[in-house]
Amino acid sequence: MKPLSRSPITLRATLIGITLIPLNSYWILHLSYIWDSNRPTSLALLFNVLFTLLVLISLNALLRRLRPKLAFTQSELLVIYAMLCQASVFAGRDMLQVLVPLMGNGFWYATPENEWTQLFHQHLPDWLVVGKHEVLRGFYEGESTFYLQSHIQAWLQPTLVWVGFCLVIGVTMLCLNVLLRKQWQEHERLTYPIAQLPLEITQGKSRFFNRRMMTVGLCIAALLNLLYSLHQINPVFPTIPLYHRFRITESPWSAMNNPGFRISFFPFAIGVGFLIPLDLGFSCWFFHLFWHFQRIVGQSFGWRSAIGFPREMAQIRGVWIALFLWTIWVGRAHFKSVLQAFFKSRASTESDEEEALRYRTALVGAIIGFVLILAFCMKAGMSLWFAALFFVLYFAMSITITRIRAELGPPAHDLYNAGPDLLLTDAIGTRRIGNRNLTVMSLFFWLNHLSYRAHPMPHQLEALKLAHQTRFNPTQLIWVLAIAIFVGALSAAWGHLHLSYNVGLENARSWYARAAFNRLAGWLYNPSETNFGGMLYTAGGFTFAVSLLLLRWRFIQFPLHPVGYVVSSWWTFTGLWFPILISWVVKRILLTTGGVRLYRRAIPFFIGLVIGDVIVASIISIFGLFFDFRVVYLSW
């Protein structure tokens with residue numbers, strides 16, 4: 001069978017994407033690093049990219065009237081969107097904003113009292129860190145400039161090496177996504193909820209923006225956000241309270257203070273919550289309250305202080321492992337055909353004709369990428385066995401997060417502290433892992449400790465989904481995304497260095513400045529054996545997730561999904577659970593009273609809530625960047 005023709009990706013779209021990436025990275029850095037506000041990459045749908053797409057759509061409407069030949073096609077708009085998404089996650093709060101300080105933290109914060117010099121300095125590779133105090137002084141204290149020869153020379157090598165590592169990680173994920181796409185998109189027909197909004201609004205002559213319900217939703221969200229933001233700038237302006245955090249002092253209810261109990265009414269979150277499947281919406285808010293219930297029970301019986309109950313992140317490690325193994329089991333037939341294609345089985349010669357890469361090429365690419373990552377780790381001083389374990393778990397977790405997004409599209413996936421670092425230290429013990437392995441692993445703090453909210457791999461798969469759905473060339477998309485990774489990581493590193501030498505890391509809102517090396521010092525001071533308690537909680541989370549999956553497999557209408565359990569445990573969802581509850585109640589009422597037809601008629605209103613919130617939040621944040629005022633929370 002001859003493959004269908006594909007529209008080529010234009011040079012114009014690629015160049016526009018490359019041009020916008022540095023501006024986009026600087027915007028993100030100013031919001032989350034300087035303001036500690038908005039955190040544009042903490043949610044699955046990146047509001048900064050969505051705003052840029054809306055601006056391009058508005059420009060396109062003008063071009064259609066004045067110069068129709070210059071108007072963007074849908075594929076061009078989606079290519080720019082995909083490039084900015086990929087660059088944004090690397091520039092986001094959880095990745096390069098952690099990586100750049102990691103290069104100097106171990107030296108700047110070393111004192112005779114904490115003995116960091118004796119503990120781990122000998123294990124830090126010179127080519128990955130910056131250790132000169134005269135170079136770091138301006139970085140941490142500010143009132144200096146990055147553009148001195150001594151500063152540039154000190155940062156150039158480690159920055160370029162880490163940017164190259166980002167590129168290898170990103171391309172390896174792209175190869176894995178090629179192997180996964182057909183199973184999830186065509187065989188299991190997953191819905192990719194996050195990708196549906198950009199697909200809908202970029203349809204050329206769609207009447208989407210002319211729908212009255214969308215306009216009403218947009219105006220409501222814009223007004224609420226505008227009043228809320230203006231009140232923060234100047235309390236003279238009236239406001240409608242959209243956000244309240246409760247500080248509870250009475251035990252056992254005080255157990256909810258960590259991570260917190262909040263009531264919020266942010267339109268963006270309500271709109272996104274309406275787009276996700278009904279069972280996931282229920283699971284998200286129900287399990288968020290269930291986590292609080294566990295904390296209260298633990299506090300009541302003294303288990304929280306005695307044994308750490310409910311040990312949220314230890315449980316979450318077990319849940320995501322269960323989801324990963326379930327994903328592999330469900331797709332076993334497809335993965336078998338991938339292996340057959342690798343060995344050139346006659347039965348599979350046509351199975352990969354529509355893919356961005358042949359399965360053999362993608363599998364070889366993933367293997368080469370993994371080998372390069374292992375070589376990097378060994379060069380840095382990590383043992384081969386430990387590096388292999390660490391990155392096998394990291395990519396398994398990455399696949400799981402990508403599956404979560406493709407199937408159910410939760411508005412956030414904050415798997416804080418659930419990565420391979422603490423899983424391995426619990427399972428093996430820091431004593432067996434060894435000081436050098438622990439030190440080099442701490443340099444990957446940016447990659448696995450916080451970066452599950454903003455993760456490159458789900459955005460890549462959603463881009464491939466859009467390419468196949470709108471028939472533009474997925475092979476060219478692979479190259480374009482690789483360019484976006486490189487330019488995005490490089491521009492984010494530059495932006496961070498530029499801002500840090502200007503304002504000083506210690507004057508910015510960078511709470512993670514010492515977290516990685518404080519934790520490392522604790523491991524080295526107090527080496528431990530296998531943490532059987534932590535592994536017991538992980539086993540409990542695994543068992544709980546498998547039980548829910550089996551119940552959903554046996555009973556089609558079973559409402560609880562383990563994805564809701566895994567994404568709702570920690571801080572990000574404290575601001576999302578109530579908006580999701582609101583959208584779930586409305587969606588259930590609409591489906592019960594008017595069926596699918598009424599639900600579809602309501603979708604533009606809720607997308608309008610998202611768009612209105614995004615427009616006002618983005619415009620105010622851009623004005624704040626130029627006129628030097630700050631708004632704490634613009635959209636959630």
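Quantities reported herein were computed from a predicted structural model and do not represent experimental measurements.
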- Task: For the pair R360 (side chain) and F342 (backbone), establish whether a donor and an acceptor sit closer than 3.5 Å, ignoring hydrogens and angles.
- Result: yes

- Query: Minimum heavy-atom separation for I580 to P411, with atom names?
  - Reply: CD1-CG, 3.6 Å

- Query: Is the ring centre of H496 less than 6.0 Å from the ring centre of Y33?
  - Reply: yes

- Message: Ignoring hydrogens, what is the shortest heavy-atom contact between R189 and E186? Give both atom names and the distance.
- Response: CG-O, 3.6 Å

- Note on the structure: Exactly one of F370, F391, W127 clears ring-ring contact (aromatic ring centres under 6.0 Å, His included) with F376, and that residue is W127

- Taking all heavy atoms of L29 and all of A492, pick out the closest pair and write down the distance. CD1-O, 3.6 Å

- Message: Is there a salt bridge (Lys or Arg N to Asp or Glu O under 4.0 Å) between R403 and E188? Walk through the geometry before answering.
- Response: CA-CA 11 Å; R403 168 70 187 215; E188 298 183 47; 2.7 Å; yes

- Query: So F165 and F444, ring pair (Phe, Tyr, Trp, His ring centres under 6.0 Å) or not? Walk me through it.
  - Reply: CA-CA 11 Å; F165 181 81; F444 294 121; 5.5 Å; yes

- Decide if the gap between the ring center of F606 and the ring center of Y599 is smaller than 6.0 angstrom. no

- Message: Does R600 have more than 12 heavy atoms from other residues, nucleotides or ligands lying within 6.0 Å of its CZ?
- Response: no

- Check for a donor-acceptor pair, side chain of T41 on one end and backbone N or O of G92 on the other, with a separation under 3.5 Å. no

- Short side-chain donor-acceptor distance under 3.5 Å, K336 and Q340: no

- Within 6.0 angstrom of W479 CH2, more than 12 heavy atoms from elsewhere: no

- Message: Counting only heavy atoms not in W385 (residues, nucleotides, ligands), do more than 12 fall under 6.0 Å from its CH2?
- Response: yes

- Query: Is the ring centre of H459 less than 6.0 Å from the ring centre of F90?
  - Reply: no

- Should the pair Y452 and Y394 be assigned to parallel (<30°), tilted (30 to 60°) or perpendicular (>60°) ring geometry? tilted

- Query: Would S88 and N48 count as a side-chain hydrogen bond (donor to acceptor under 3.5 Å, both in side chains) if you check the C-alpha gap in whole Å, the side-chain angles of each, and the deciding distance to 0.1 Å?
  - Reply: CA-CA 9 Å; S88 293; N48 58 301; 3.2 Å; yes

- Query: Charged N to carboxylate O below 4.0 Å: is that the case for E355 and R181?
  - Reply: yes

- Identify the heavy atoms of N473 and I9 that sit nearest to each other, and give their distance. O-CD1, 3.7 Å

- Within a radius of less than 6.0 Å around CZ of F486, do more than 12 heavy atoms belonging to other residues, nucleotides or ligands occur? no

- Query: Is any side-chain N of the basic residue among K182 and D352 closer than 4.0 Å to the acidic one's carboxylate O?
  - Reply: no

- Task: Of all the heavy-atom pairs spanning A463 and L477, show the shortest one and how long it is.
- Result: O-CD2, 3.4 Å

- Query: Would a distance-only check, ignoring hydrogens and angles, find a side-chain to backbone donor-acceptor pair under 3.5 Å from H30 to S621?
  - Reply: no

- Query: Donor-acceptor pair, Q476 side chain versus T10 backbone, under 3.5 Å?
  - Reply: no

- Message: Is a donor from one side chain sitting under 3.5 angstrom from an acceptor on the other, for S32 and Q97?
- Response: yes

- Task: Check the side chains of Q74 and T202 for a donor-acceptor pair under 3.5 angstrom, ignoring hydrogens and angles.
- Result: yes

